[in-house]
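Report on the structure given below.
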Amino acid sequence: MKLFTLLLLSISCLHGSCQVIIPTISWDGVLEYSFQQDFITQKKIKRIDAELSSKNPSQKIQPSTDKKYFQFDSIGFQTEYYNRKKLVNLELTTHNLSQYKEGRIVTSTQKDEVGYFKKYYTYYTDTTYIHTYRSENYPNETTSKTLDSTLINTVILMYSDDKKRVFNKNGIHTKSEYAENNALDLVLKETLEYKLSKKKTVKSYTYNESGLASEVWIKVNGTEKQFNYFYDKHDVIKKIETWQNESCIKRLEFIYNSKGWIDSTILQNTENNHIKITKFTYTLY
């Protein structure tokens, strides 16, 4: 498990660990980002609020009533995530609460449209158990326990060298994740294998002269996407382009403030020129 943890840390560093945002590509082929713990700790950031707006080619910028924020503890772990979206007459809200102990997550509670789900993490040498409970009631703020909960799932993670194997509650090996490195210990390829369906998803990486990821390819469900990373002369990430079928379909730009912190992101759909703008504000300890 230690070697797999080191692998994850090395992948994070490839995407710019000196910055507040770390871009990642999910196994579904979606460009996401997370917040770098060291940066959050160093800058004593307690909360980050995201103000959302959008713009069509023939419109002015339209502010959104959606709400999103991220909360952190004093050592930089994300303890809360809130995201509320309004779609026509439908409002979708996701609210996650997480607790950590000795640098590892121990509980994760999610509230959404279908109820409350709480995950308990139990760690052993090279093995992690994740028990998921469901409840229709709010968690108790005093005990942090979810009331009237029912165990609905158990997942077992087993680590060996740089390979992770996933087992379901019946002990059936369902999938594996592993990576291949080059002589410089940079990740060249990551693979996710589903044991029952025999489906496979592969991410491939290339790097620039600074050892930072410059291109990422992913093949998922018969579709191949390419993500191109662009940096400034200080190796700070400035833009990521998403390509599919030899066309650029999305462009994500990062705008920084005078401190070098992320001020905003601009996501452009190049097919219809629709733009989504996310403006960040910070609350400090």
Side-chain angles (χ1 to χ4, degrees), residues 12 15-26 28-37 39-40 43 45-72 76 78-96 112-113 212-216 218 225-244 247-284:
S12 296
H15 294 282
S17 61
C18 61
Q19 304 170 61
V20 65
I21 283 181
I22 306 173
T24 55
I25 310 299
S26 74
D28 295 325
V30 178
L31 174 60
E32 301 173 336
Y33 57 79
S34 58
F35 294 93
Q36 171 63 26
Q37 181 194 351
F39 187 97
I40 297 294
K43 304 303 182 182
I45 297 172
K46 182 177 182 180
R47 173 167 161 157
I48 300 177
D49 285 85
E51 181 182 334
L52 310 173
S53 58
S54 62
K55 181 183 183 303
N56 287 319
S58 60
Q59 293 180 332
K60 296 181 179 179
I61 296 177
Q62 302 293 321
S64 172
T65 57
D66 295 349
K67 184 177 181 181
K68 181 188 293 188
Y69 67 81
F70 310 83
Q71 190 99 5
F72 306 89
Q78 184 176 303
T79 57
E80 185 175 359
Y81 168 71
Y82 181 89
N83 186 21
R84 184 192 67 204
K85 294 182 179 180
K86 288 188 176 181
L87 303 174
V88 191
N89 296 323
L90 180 65
E91 182 174 295
L92 303 176
T93 301
T94 299
H95 191 191
N96 292 340
D112 56 26
E113 288 67 38
L212 299 172
S214 58
E215 296 177 343
V216 181
I218 183 168
K225 286 184 179 181
Q226 177 180 337
F227 299 85
N228 296 336
Y229 291 62
F230 299 88
Y231 305 86
D232 66 12
K233 62 181 180 181
H234 304 294
D235 289 335
V236 176
I237 192 162
K238 298 291 291 184
K239 181 174 64 175
I240 301 176
E241 291 181 348
T242 303
W243 288 71
Q244 186 173 324
S247 298
C248 178
I249 59 174
K250 290 183 180 180
R251 184 176 293 112
L252 178 63
E253 296 187 46
F254 300 92
I255 310 299
Y256 299 87
N257 61 24
S258 59
K259 296 181 179 179
W261 300 13
I262 289 291
D263 177 81
S264 56
T265 60
I266 301 175
L267 177 62
Q268 179 187 15
N269 184 328
T270 58
E271 296 177 323
N272 58 16
N273 285 323
H274 181 266
I275 293 175
K276 292 183 179 180
I277 303 168
T278 303
K279 172 76 173 178
F280 298 104
T281 56
Y282 300 85
T283 302
L284 306 182

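One-based numbering along the sequence shown. Please read these numbers as outputs of a predicted model, since none were measured by experiment. Only heavy atoms go into these numbers, but all of them, side chains included; no hydrogens, no water, no symmetry mates.
- Residues forming a side chain to side chain contact (heavy atoms under 4.5 Å, CB included) with N89 (at least two apart in sequence, or on another chain): none.
- Listed by chain and residue number, Y81, T94, Q110 satisfy the side chain to side chain contact (heavy atoms under 4.5 Å, CB included) test with N96 (two or more places apart in sequence, or in another chain).
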- So I262 and I255, side chain to side chain contact (heavy atoms under 4.5 Å, CB included) or not? Walk me through it. CA-CA 6 Å; I262 289 291; I255 310 299; over 6 Å; no
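- Taking the side chain as every heavy atom from C-beta outward, Y229 and L212 never approach each other to under 4.5 Å.
- With a 4.5 Å cut-off on side-chain heavy atoms, Q71 and K46 count as touching.
- In this structure, the separation between CD on Q226 and CD1 on I25 is 11.0 Å, given to the nearest 0.5 Å.
- Residues that satisfy the salt bridge (Lys or Arg N to Asp or Glu O under 4.0 Å) test with K67, not counting sequence neighbours, are absent from this structure.
- Evaluation of the ring-ring contact (aromatic ring centres under 6.0 Å, His included) rule for F72 yields F35 as partners, not counting sequence neighbours.
- One distance of note links CD1 of I240 with OH of Y33; it measures 11.0 Å at 0.5 Å rounding.
- Y256 places no side-chain N or O within 3.5 Å of a backbone atom of K238 that could act as its donor or acceptor partner.
- Residue pairs meeting the salt bridge (charged side-chain N to carboxylate O under 4.0 Å, His left out) criterion with at least one partner in residues 47-62, sequence neighbours excluded, are R47-D49.
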- Query: Given T265 and F280, is the side chain to side chain contact (heavy atoms under 4.5 Å, CB included) satisfied, shown in steps?
  - Reply: CA-CA 9 Å; T265 60; F280 298 104; 3.8 Å; yes
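- Take S64 and apply the side-chain hydrogen bond (donor to acceptor under 3.5 Å, both in side chains) test, not counting sequence neighbours, and it matches D66.
- To the nearest 0.5 angstrom, F254 atom CZ is 9.5 Å from Y231 atom OH.
- Going from atom OG of S54 over to atom CD1 of I266 covers 13.0 Å, rounded to the nearest 0.5 Å.
- Taking CZ of R251 as the reference point, atom CG of N273 lies at 9.0 Å (rounded to 0.5 Å).
- Residues satisfying the salt bridge (Lys or Arg N to Asp or Glu O under 4.0 Å) test with K279, not counting sequence neighbours, are D263.
- Contacts of Q59 classified as side-chain hydrogen bond (donor to acceptor under 3.5 Å, both in side chains), with partners at least two apart in sequence or in another chain: N56.
- When all heavy atoms of P57 and N272 are compared, the closest pair comes out as CG-O, 3.5 Å.
- Partners of H95 by ring-ring contact (aromatic ring centres under 6.0 Å, His included), not counting sequence neighbours, listed by chain and number: Y82.
- Between P23 and L31, the shortest heavy-atom contact is CB-CD1, 4.4 Å.
- A pairwise comparison of heavy atoms in S53 and P63 identifies CB-CA, 3.9 Å as the closest pair.
- Qualifying side chain to side chain contact (heavy atoms under 4.5 Å, CB included) partners for L267, counting only residues two or more places apart in sequence or in other chains: K250, L252, K276.
- No donor-acceptor distance shorter than 3.5 angstrom exists from the side chain of D28 to the backbone of V30, with no hydrogens or angles considered.
- Within the 4.5 Å cutoff, the side chain of L284 has heavy atoms near those of the I45 side chain.
- For the residue pair K225 and G29, the shortest heavy atom distance occurs at NZ-O, 3.3 Å.
- Shown here are the salt bridge (Lys or Arg N to Asp or Glu O under 4.0 Å) partners of E253, two or more places apart in sequence or in another chain: there are none.
- The shortest distance between side-chain heavy atoms of I21 and F39 does not fall below 4.5 Å.
- For the atom pair NZ of K68 and CG of N83, the computed distance is 5.0 Å after rounding to the nearest 0.5 Å.
- Legend: residues meeting side chain to side chain contact (heavy atoms under 4.5 Å, CB included) with S34, ordered by chain and number and at least two apart, are I22.
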